Protein chains: 2
Amino acid sequence: MTAERIRDAAILRYGRDGFSVGLRAVAADAGVTAGLVVHHFGSKDGLRKACDAYVLGVIRSAKLKATRGGPAAAIAQLAEIEEYAPMALYSLRSLQAGGELAGEFMEQMCADALEYLEAGVASGLIRPSRDPAGRARYLAMQGMGSLLLWISLHPGFREVDDFRKELRQISDEITLPALELFSEGLFVDRKMLDDYLMYVCDPPAGDAKP
Amino acid sequence: MTAERIRDAAILRYGRDGFSVGLRAVAADAGVTAGLVVHHFGSKDGLRKACDAYVLGVIRSAKLKATRGGPAAAIAQLAEIEEYAPMALYSLRSLQAGGELAGEFMEQMCADALEYLEAGVASGLIRPSRDPAGRARYLAMQGMGSLLLWISLHPGFREVDDFRKELRQISDEITLPALELFSEGLFVDRKMLDDYLMYVCDPPAGDAKP
DNA sequence: TCAAACCTTAAACGCGCGTTCAATCCGCTG
DNA sequence: CAGCGGATTGAACGCGCGTTTAAGGTTTGA
């Protein structure tokens, strides 16, 4: 009961201010003292791990689907749901700081992206790739990365509502360039791609396998 | 003389360990005491600002060109030069932490990307965009963002050499997906783009300008 | 009813941080 | 040589951190 209140307060506060906030601030948000937090979670790191585990579980069970617009849209979608918004923010902070959750979270993102892309390929909407997993990973990393960079450059939101506003602004700004790139590509011809494919099949020197 | 040695040591250490390292660690790297650092730079924040200004100046004068592969390649290119590698790392840490340099750095990146893209358009290699600045910004944010995310997920490099290895690995992994996307796009048809263009020209409700 | 098991608090501890300060060293100039 | 000013040191200060500890409440079950 109280432990869950502390955990929720920690998720909210860590999401807003990052993991460098003190235990006492989290404790005050939950209406308790710092000692009690340690009593329930062992240490600050224990609290962090508990938050990680809880958020990961919720996100896993929420089965966030990567819709069109890339993986960034998945976070946006999650943030639209009032209840989940703090966890979306927390996840971003977690990616920013690295650590246990970050890796699993990105793995999940890549897997979801792959799944969605393959569904698109199967239905004839999306072009097949020579390296589907690599492409999914590439798109997931780029999408989440740009989101991460954005919140680094705009650290000014103090409420979860501001976070939603930021996400909508991002969406507005990137939709046209993304649709252009996804629909028409960037290069006029295929020369660079063909040159590269030729290169990797028949490298000019060295380690060709027998 | 000594001040420059402190500044260089700070750039190196901040780049490796992030901005949370103590003044005493930086001072020890430079072979001086913490008091002297404050004497020369006023405060820890003064040291940070001095590093920011110096790195920004160097990067500005180095006129890093965004070659094919996107803005991430610019960092990689910078890191290949032994002398500049610590500053490339420092810039990434700066983006991670936000702040003064981060904003100007990304502005520079976007401007360079725009310049390079327009040159490509002029020479007939790159497709024109309906929103050239938006596209440049989009590509710069995605490229730098994914780099940022990568170093968050792989915080294990302790030497500048490791950083170069990481960059080469990134390059190897993303080259094929990036070339595919840039050459062939992602969608099979243009329906989504056309729908969106139709939508923004003739929105179904509300704020149409006279 | 009594005591064991808990939840919870307030105070204290030790540590490392950024910063301050007096003292010392060193090189220059008159 | 005397003296001055910047460079440099080492010790100290105050602060906030995570953590520990002893004590006080509150529930609970035999």
Side-chain angles (χ1 to χ4, degrees), chain A residues 1-55 86 89-90 93-94 96-102 152 155 158, chain B residues 1-55 86 89-90 93-94 96-102 152 155 158:
Chain A
M1 174 71 203
T2 305
E4 286 136 33
R5 187 156 36 92
I6 296 174
R7 193 233 301 130
D8 292 344
I11 290 173
L12 205 56
R13 183 94 327 194
Y14 284 154
R16 284 214 278 238
D17 299 347
F19 294 107
S20 58
V21 292
L23 264 185
R24 286 165 176 84
V26 173
D29 287 353
V32 298
T33 59
L36 189 61
V37 178
V38 175
H39 169 74
H40 279 304
F41 297 96
S43 66
K44 180 178 186 178
D45 202 64
L47 174 61
R48 169 81 192 277
K49 282 191 168 65
C51 292
D52 276 16
Y54 179 73
V55 169
L89 239 182
Y90 180 92
R93 291 280 177 211
S94 188
Q96 200 171 22
E100 187 185 345
L101 176 59
S152 284
R158 300 235 61 76
Chain B
M1 175 72 202
T2 305
E4 286 137 34
R5 187 155 38 91
I6 295 174
R7 192 228 307 127
D8 292 344
I11 290 173
L12 204 57
R13 184 141 275 251
Y14 283 153
R16 285 214 278 237
D17 298 347
F19 294 107
S20 58
V21 292
L23 265 184
R24 286 166 176 84
V26 173
D29 287 352
V32 298
T33 59
L36 190 59
V37 178
V38 175
H39 171 72
H40 279 302
F41 297 95
S43 66
K44 181 178 186 177
D45 202 64
L47 174 61
R48 169 80 193 277
K49 282 191 168 66
C51 291
D52 276 16
Y54 179 72
V55 169
L89 239 181
Y90 179 92
R93 290 281 177 210
S94 188
Q96 201 170 23
E100 187 186 346
L101 176 59
S152 283
R158 300 235 61 76

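Keep in mind that this is a model prediction, so the values were computed, not measured.
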Less than 3.5 Å apart, which donor and acceptor atoms pair up between the side chains of residues 1-8 of chain A and the rest of the protein, not counting sequence neighbours?
{"unit_1": "R5(A)", "atom_1": "NH1", "unit_2": "A30(A)", "atom_2": "O", "d": "2.4"}

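Look at CD1 on I6(B): it is 13 Å from C1' on dT9(D), rounded to the nearest Å. L23(B) places its CG atom 12 Å from the C1' atom of dG16(C), with the value rounded to the nearest Å.
Of all nucleotides listed (dT9(C), dG18(C), dG18(D)), dG18(C) comes nearest to the side chain of K44(B).
Here CZ of F19(A) is found 9.5 Å from CG of L47(A). Values are rounded to the nearest 0.5 Å. To the nearest 0.5 angstrom, L12(A) atom CG is 8.5 Å from L89(A) atom CG.
OP1 or OP2 of dT8(C) lies within a sub-4.0 Å distance of a side-chain N or O belonging to T2(A).
Shown for residues 34-42 of chain A: residues whose heavy atoms fall under 4.0 angstrom of DNA chain C, namely G35(A), L36(A), H39(A), H40(A).
Put simply, the side chain of R24(A) and the base of dG18(D) share a donor and an acceptor less than 3.5 Å apart.
For R13(B), the salt bridge (Lys or Arg N to Asp or Glu O under 4.0 Å) partners at least two apart in sequence or on another chain are D17(B), D29(B).
For the pair S94(B) and R48(B), the minimum side-chain heavy-atom distance is below 4.5 Å. Between V55(B) and Y14(B) the shortest side-chain heavy-atom distance does not fall below 4.5 Å.
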